[in-house]
**Student:** 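The structure's right below; bear with me while I get my questions together.
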Amino acid sequence: MRLEALDRHAYHNGPLHRADVRIKLCATLAFVIAVVATPVGLWRPLAIEGLLLAFFVGLARIDPALLARRWLGFLLLVAFLGATVAQSHPARTQLGWAVVWLSILAKNSLAFVAVLTLAGTTPFPKLLDGLRRLGMPAVLVSTLHFMNRYTHVLTSELARMTQARRSRTFKRSGRLDWGLLTGLIGNLLVRSFERGERVHAAMLARGWDGTIRTLDGEAEAS
């Protein structure tokens with residue numbers, strides 16, 4: 001599944017993979033803050049930050065094509081939002097709209113790739129454990145755990161619903177139009193609420209006490 005590509009890579013045995021998860025979380029947060037705080041139009045600091053990030057991406061040994069595909073998908077959204085923000089940015093009159101827009105794209109791209117690098121070198125359960133050890137409220141850690149788990153479940157269910165719909169739709173192209181697609185999404189939303197109620201009832205019936213237990217003995221108390 002495409003959602004698991006980075007997570008599979010996170011189980012490799014590289015220098016960044018072996019580093020303490022708390023250090024990686026704090027370093028990524030510090031890098032993102034530094035990138036966001038870089039003034040618009042100052043390309044030298046952005047270039048230094050880009051070179052630093054490129055070094056750690058190389059150290060992480062993540063497939064560049066994997067990062068590029070996710071970055072391109074992110075870039076389309078940021079390009080549109082950046083064009084809107086640049087139009088009313090205070091620095092537009094002094095630097096010009098194009099400089100402001102490119103600065104927004106560069107800063108968001110660096111922050112996004114930094115987060116991807118963290119995800120590609122740290123399994124999600126270890127990220128949650130690191131957040132818990134750094135003092136994040138346990139209820140938020142548990143919420144993130146279940147969100148990650150059921151994102152994959154609902155994605156698989158949507159794929160099955162789509163395949164079933166295509167097998168009953170006699171069209172030469174085999175593609176779903178917007179009407180059918182929105183119907184599937186609405187049906188998936190209803191199923192998600194129903195599944196959530198069933199899972200919650202099952203957890204209470206099995207004595208759920210707010211503690212996430214794993215096979216390796218780790219636990220996240222809430």
**Student:** Drop me the distance from N108's CG to W71's CH2, to the nearest 0.5 angstrom.
**Tutor:**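 Separation between the atoms: 12.0 Å.
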
**Student:** Working note: V153 + R195, criterion side-chain contact (heavy atoms from CB on, under 4.5 Å); need CA distance, chi angles, decisive distance, verdict.
**Tutor:** CA-CA 10 Å; V153 172; R195 183 188 291 269; 3.7 Å; yes

**Student:** Are V85 and W101 grouped together when hydrophobic residues (ILVMFWY) are joined by side-chain heavy atoms under 4.5 angstrom apart?
**Tutor:**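 Yes: a chain of side-chain contacts under 4.5 Å links V85 to W101.
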
**Student:** Taking the side chain as everything from C-beta on, heavy atoms only, tell me whether T38 gets closer than 4.5 Å to S103.
**Tutor:** no

**Student:** side-chain contact (heavy atoms from CB on, under 4.5 Å) for W43 and V99? Distances and angles first, verdict last.
**Tutor:** CA-CA 10 Å; W43 300 110; V99 173; 4.1 Å; yes

**Student:** Working to the nearest 0.5 Å, report the span between CG of L51 and CG of L46.
**Tutor:**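 Separation between the atoms: 11.0 Å.
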
**Student:** Quick one: closest heavy-atom pair of K24 and T122, and the distance?
**Tutor:**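 So the two residues come closest at NZ-OG1, 2.8 Å.
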
**Student:** Atom CZ of residue position R18 - does it have more than 12 heavy atoms of other residues, nucleotides or ligands inside 6.0 Å?
**Tutor:**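 More than 12 heavy atoms, drawn from other residues, nucleotides or ligands, come within 6.0 Å of this atom.
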
**Student:** Roughly how far, to the nearest 0.5 Å, is CZ of F112 from CG of L67?
**Tutor:**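 The distance works out to 9.0 Å.
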
**Student:** Kindly work out whether a path of hydrophobic side-chain contacts (I/L/V/M/F/W/Y, heavy atoms less than 4.5 Å apart) joins V78 to V36.
**Tutor:** no

**Student:** Do L81 and L76 sit in the same hydrophobic cluster, where Ile, Leu, Val, Met, Phe, Trp and Tyr count as joined when their side-chain heavy atoms come under 4.5 Å apart?
**Tutor:** no

**Student:** What's the shortest heavy-atom distance between L16 and A60, and which atoms?
**Tutor:**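 So the minimum-distance heavy-atom pair works out to CD1-CB, 3.8 Å.
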
**Student:** Output yes when a side-chain donor or acceptor of T28 lies under 3.5 Å from a complementary backbone atom of V115, and no otherwise.
**Tutor:** no

**Student:** Decide whether V40 and L105 are clustered together by the hydrophobic rule: side chain heavy atoms of Ile, Leu, Val, Met, Phe, Trp, Tyr closer than 4.5 Å, transitively.
**Tutor:**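 Looking at the clustering, L105 is in the same group as V40.
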
**Student:** Roughly how far, to the nearest 0.5 Å, is CD1 of I62 from NE2 of H17?
**Tutor:**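 That separation rounds to 6.5 Å.
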
**Student:** Once rounded to the nearest 0.5 Å, what's the spacing between atom NE2 of H89 and atom CG of L95?
**Tutor:**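 Reported to 0.5 Å precision, the distance equals 9.0 Å.
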
**Student:** So which atom in S109 and which in L75 form the shortest heavy-atom distance, rounded to 0.1 Å?
**Tutor:**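 Residues S109 and L75, closest heavy atoms: OG-CD1, 4.0 Å.
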
**Student:** Given the rule that I, L, V, M, F, W and Y join up when any side-chain heavy atoms are under 4.5 Å apart, are M147 and L128 in one cluster?
**Tutor:**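 Yes, one cluster joins them.
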
**Student:** Closest heavy-atom contact between L53 and L110?
**Tutor:** CD2-O, 3.5 Å

**Student:** Check whether any side-chain heavy atom of L144 lies under 4.5 Å from a side-chain heavy atom of L127, and answer yes or no.
**Tutor:** no

**Student:** Without swapping roles, check the side chain of R206 against the backbone of A202 for a donor-acceptor pair under 3.5 Å.
**Tutor:**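 Between the backbone of A202 and the side chain of R206 there is a qualifying donor-acceptor contact (under 3.5 Å).
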
**Student:** Less than 4.0 Å between a side-chain N and a carboxylate O, is that true for D129 and K126?
**Tutor:**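 Not counted as a salt bridge, because no side-chain N and carboxylate O are separated by less than 4.0 Å.
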
**Student:** Can you name the nearest heavy-atom pair linking M203 to F146, along with the distance?
**Tutor:** CE-CZ, 3.6 Å

**Student:** Answer yes or no: is there a donor N or O on one side and an acceptor on the other, between the side chain of T121 and the main chain of L118, under 3.5 Å?
**Tutor:**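 Checking the backbone N and O of L118 against the side chain of T121, a donor-acceptor pair under 3.5 Å is found.
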
**Student:** To check you understand the geometry: which heavy-atom pair defines the closest contact between A83 and W97, and what is its length?
**Tutor:** O-NE1, 3.4 Å

**Student:** Supply the atom-to-atom distance L116 CG to F74 CZ, rounded to the nearest 0.5 angstrom.
**Tutor:**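 Going from the CG atom of L116 to the CZ atom of F74 covers 9.0 Å.
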
**Student:** Determine, step by step, whether L25 and R133 satisfy the side-chain contact (heavy atoms from CB on, under 4.5 Å) criterion, reporting the C-alpha distance in whole Å, the side-chain angles of both residues, the deciding distance to 0.1 Å, and the verdict.
**Tutor:** CA-CA 11 Å; L25 281 166; R133 290 159 64 190; over 6 Å; no

